[in-house]
Participant: 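So that we are looking at the same thing, I have put the structure below in structure tokens.
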2 protein chains.
Amino acid sequence: MNLLTIGKLAAAAGVSTDTVRFYERSGLLPPPARTEANYRLYPQQTVKRLKFIRRAKALGFTLNEIRELLALRHDPDSTKAEVKSFTENKIEDIRQRIADLQRILATLEHLAGACDGHGPADDCPILAAMDDDLRGECQLAGHHARCRPAGG
Amino acid sequence: MNLLTIGKLAAAAGVSTDTVRFYERSGLLPPPARTEANYRLYPQQTVKRLKFIRRAKALGFTLNEIRELLALRHDPDSTKAEVKSFTENKIEDIRQRIADLQRILATLEHLAGACDGHGPADDCPILAAMDDDLRGECQLAGHHARCRPAGG
DNA sequence: CTTGACTTTAGACCATGGTCCAAGGATTAT
DNA sequence: ATAATCCTTGGACCATGGTCTAAAGTCAAG
């Protein structure tokens with residue numbers, strides 16, 4: 001049998017039937033053919049489409065972005081340049097997220113290093129750093145974060 | 001005046017009044033005193049508490065985690081060890097997220113590098129990598145991703 | 001006294017990515 | 001034939017972190 005019911009499709013692609021219907025509602029899967037009893041019938045191809053979605057998701061693309069990628073993938077007029085540019089935008093996006101997390105990580109490591117871990121929390125430098133108005137600002141601020149060495 | 005209405009509090013802390021009420025509903029702020037007209041009245045202290053929340057958020061803590069941090073901060077029995085351990089868990093969490101993003105980044109950079117950017121998208125290696133069943137699996141898979149060099 | 005700014009509440013709504021449920025019809029296995 | 005699955009639909013619900021609205025009450029300035 002070369003056509004799949006939703007359950008077979010979902011099992012083959014490793015998602016739930018709910019997810020398949022959700023993707024259809026979201027425009028990631030086209031409305032499929034139906035049996036006389038109104039059951040959805042999918043070609044084998046759709047398994048690949050679902051796996052494509054899974055892969056793209058694993059690569060950090062949102063469902064909205066995946067919808068665009070699928071459009072590029074199926075539009076004969078689309079170009080490699082478009083796909084590449086799309087990917088490069090995502091690369092920039094992910095680099096930015098990594099940079100943000102690395103800044104946060106450095107601050108947390110700094111704070112954890114400043115805490116000896118002994119005694120009551122009321123003078124814990126970690127809490128103090130979040131508490132105080134200006135100490136720690138340079139680590140926490142973000143974009144224009146230049147850290148003056150605590151001079152007075 | 002040492003007590004603040006919600007608007008003054010929000011302005012002083014750099015959040016919206018909606019956010020202040022939302023934090024109260026969420027248990028991040030205790031229910032404040034009220035005027036006879038049922039207006040919320042906050043001590044100056046609450047400005048600091050809100051700023052603490054902002055800082056902790058900037059450090060990647062979720063509101064649930066911040067609720068726990070606030071509990072540690074205000075419980076005289078809590079210890080530095082607890083706060084430090086909490087922070088170290090978050091550090092591990094963030095390291096993991098960075099590692100995930102770096103893996104994704106490497107794959108995307110690899111794919112972008114494999115695409116010359118010329119011609120129609122139908123044989124674009126980026127799309128192909130998401131499309132194919134096994135090619136690219138090692139880059140996309142995750143935890144146990146060891147990349148066999150395309151051997152047969 | 002009136003206007004405008006502030007506050008109150010409950011509840012809806014946003015995006016993200018689904019998951020779960022109920023009530024009913026279809027199909028398959030025994 | 002009948003029970004166990006499977007499928008259909010619409011809609012509610014989950015977490016996250018808020019934002020917005022409406023209708024009503026309150027407060028400060030002119």
Participant: Just the rounded figure in Å: distance from P of dT9(C) to OH of Tyr39(B).
Facilitator: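 Going from Tyr39(B) (OH) to dT9(C) (P), I get 11 Å.
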Participant: What does nucleotides 10-23 of chain D look like as a protein-contact string, B for base, S for sugar-phosphate only, - for none, at under 4.0 angstrom between heavy atoms?
Facilitator: ------SBBBB---
Participant: Round to the nearest Å and state the distance from Tyr42(B) atom OH to dT8(C) atom C1'.
Facilitator: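 One finds 12 Å between C1' of dT8(C) and OH of Tyr42(B), rounded.
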Participant: Measure CZ/Arg34(B) against P/dT26(D) and give the value in whole Å, please.
Facilitator: 13 Å
Participant: Would you say CZ of Arg21(A) has more than 12 non-hydrogen atoms from neighbouring residues, nucleotides or ligands within 6.0 angstrom?
Facilitator: yes
Participant: Should we say atom CZ of Arg54(A) is surrounded by more than 12 heavy atoms from elsewhere, each under 6.0 Å from it?
Facilitator: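 Atom CZ in Arg54(A) is not crowded, with 12 or fewer foreign heavy atoms closer than 6.0 Å.
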Participant: Without decimals, in angstroms, what is the distance between Asn38(A) CG and dC6(D) P?
Facilitator: 19 Å
Participant: Check whether the side chains of Gln96(A) and Asp100(A) place a donor and an acceptor atom closer than 3.5 Å, and report yes or no.
Facilitator: yes
Participant: Measuring to OP1 and OP2 of dC7(D), would you say a side-chain N or O of Thr5(A) lies under 4.0 angstrom away?
Facilitator: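 Looking at the OP1 and OP2 atoms of dC7(D), one of them is under 4.0 Å from a side-chain N or O of Thr5(A).
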Participant: Rounded to the Å, how far apart are Ile6(B) CD1 and dT7(C) C1'?
Facilitator: 8 Å
Participant: Go through the steps to decide whether Glu109(B) and Ile91(A) satisfy the test side-chain contact (heavy atoms from CB on, under 4.5 Å), and finish with yes or no.
Facilitator: CA-CA 7 Å; Glu109(B) 283 171 336; Ile91(A) 286 172; 4.1 Å; yes
Participant: Are Glu88(A) and Lys84(A) close enough that some pair of their side-chain heavy atoms sits under 4.5 Å apart?
Facilitator: yes
Participant: Please report the distance, rounded to the nearest Å, between CZ in Arg21(A) and C1' in dT9(D).
Facilitator: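 Distance, rounded to whole Å: 9 Å.
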Participant: Between dC6(C) atom C1' and Leu9(B) atom CG, what is the distance in whole Å?
Facilitator: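 Atom CG in Leu9(B) sits about 14 Å away from atom C1' in dC6(C).
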Participant: Less than 4.5 Å apart, side chain to side chain, heavy atoms only: is that true for Arg73(B) and Met130(A)?
Facilitator: no
Participant: Ignoring backbone atoms, test whether Arg40(A) places a side-chain nitrogen or oxygen under 4.0 Å from the OP1 or OP2 oxygen of dA26(C).
Facilitator: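 No, no such contact exists.
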